[in-house]
Amino acid sequence: MTLPILKRRLAQLEAALNLIHEGVQYGVDTVEGIHQGIIDVPLEQLHLSGVIDLDQQRRQQLWNGSFGVVYSIIRRSNQVIQTTEEKIFSALDEQIDAQNNLKRIEYHPETSDRSTTP
């Protein structure tokens, strides 16, 4: 496989992985919203019946201190994975560039001279 083809495939793979990370983020946001709505129903009923006194701020604090922590961890994990992948792709891209540069250098053993080709 030639280096330009390798570089193009690497870019395609990177684009696909970025799409996956965006999908994970969207999925986390969507599921969190659904769960928050489901949990809010019984809390609202308990509040309306006078069993507990929860205002919106207190409900948000309860969510953030319990279920919200899970979603925060998922988001952070997704960020860490994405950052690691970016570093790997950057290193691979630099390696491909280095190989391209090495290919442009011709070695002439009879003169022990190195010259670059256009």
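It should be emphasised that the depicted structure is a prediction, and the values quoted were computed from it without experimental measurement.
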| request: Check step by step if side chain to side chain contact (heavy atoms under 4.5 Å, CB included) holds for R58 and H47. | output: CA-CA 11 Å; R58 181 67 183 132; H47 175 73; over 6 Å; no
| said: If hydrophobic clusters are built by linking Ile, Leu, Val, Met, Phe, Trp and Tyr wherever their side-chain heavy atoms come under 4.5 Å apart, do V28 and V31 end up in the same one? | reply: yes
| query | Among the clusters formed by ILVMFWY side chains lying less than 4.5 Å apart, do I88 and L13 turn up in the same one? | reply | yes
| query | To the nearest 0.5 Å, how far apart are CD in Q36 and CD1 in I34? | reply | 11.5 Å
| query | So, does T83 use its side chain to make a donor-acceptor pair with the main chain of Q79 at under 3.5 Å? | reply | yes
| request: To the nearest 0.5 Å, tell me how far Q60 CD sits from D40 CG. | output: 9.0 Å
| query | Quick one: do the D29 and Q25 side chains pair a donor with an acceptor below 3.5 Å? | reply | yes
| message | When you compare the side chain of L10 with that of I96, does any pair of heavy atoms fall below 4.5 Å? | response | yes
| task | Check the hydrophobic clustering (I, L, V, M, F, W, Y; side-chain heavy atoms under 4.5 Å; chains of links allowed) and say if L6 and L92 are grouped together. | result | yes
| request: Any chance you could measure E86, atom CD, to L17, atom CG, to the nearest 0.5 Å? | output: 10.5 Å
| request: Verify the cluster assignment for I20 and F89: are they in a single hydrophobic cluster under the rule of side-chain heavy atoms below 4.5 Å apart? | output: yes
| query | Same cluster for F67 and L46 if Ile/Leu/Val/Met/Phe/Trp/Tyr side chains link at under 4.5 Å? | reply | yes
| remark: Here the gap from N18 atom CG to E85 atom CD, rounded to the nearest 0.5 Å, amounts to 8.0 Å
| About how many Å separate CG of L43 and CG of L62, when rounded to the nearest 0.5 Å? | 7.0 Å
| request: Could I get the full list of salt bridge (Lys or Arg N to Asp or Glu O under 4.0 Å) partners for E14, not counting sequence neighbours? | output: none
| Below 4.5 Å, heavy atoms only, C-beta onward: do D97 and K7 meet side chain to side chain? | yes
| Between atom CD of Q61 and atom CG of L54, what is the distance when rounded to the nearest 0.5 Å? | 10.0 Å
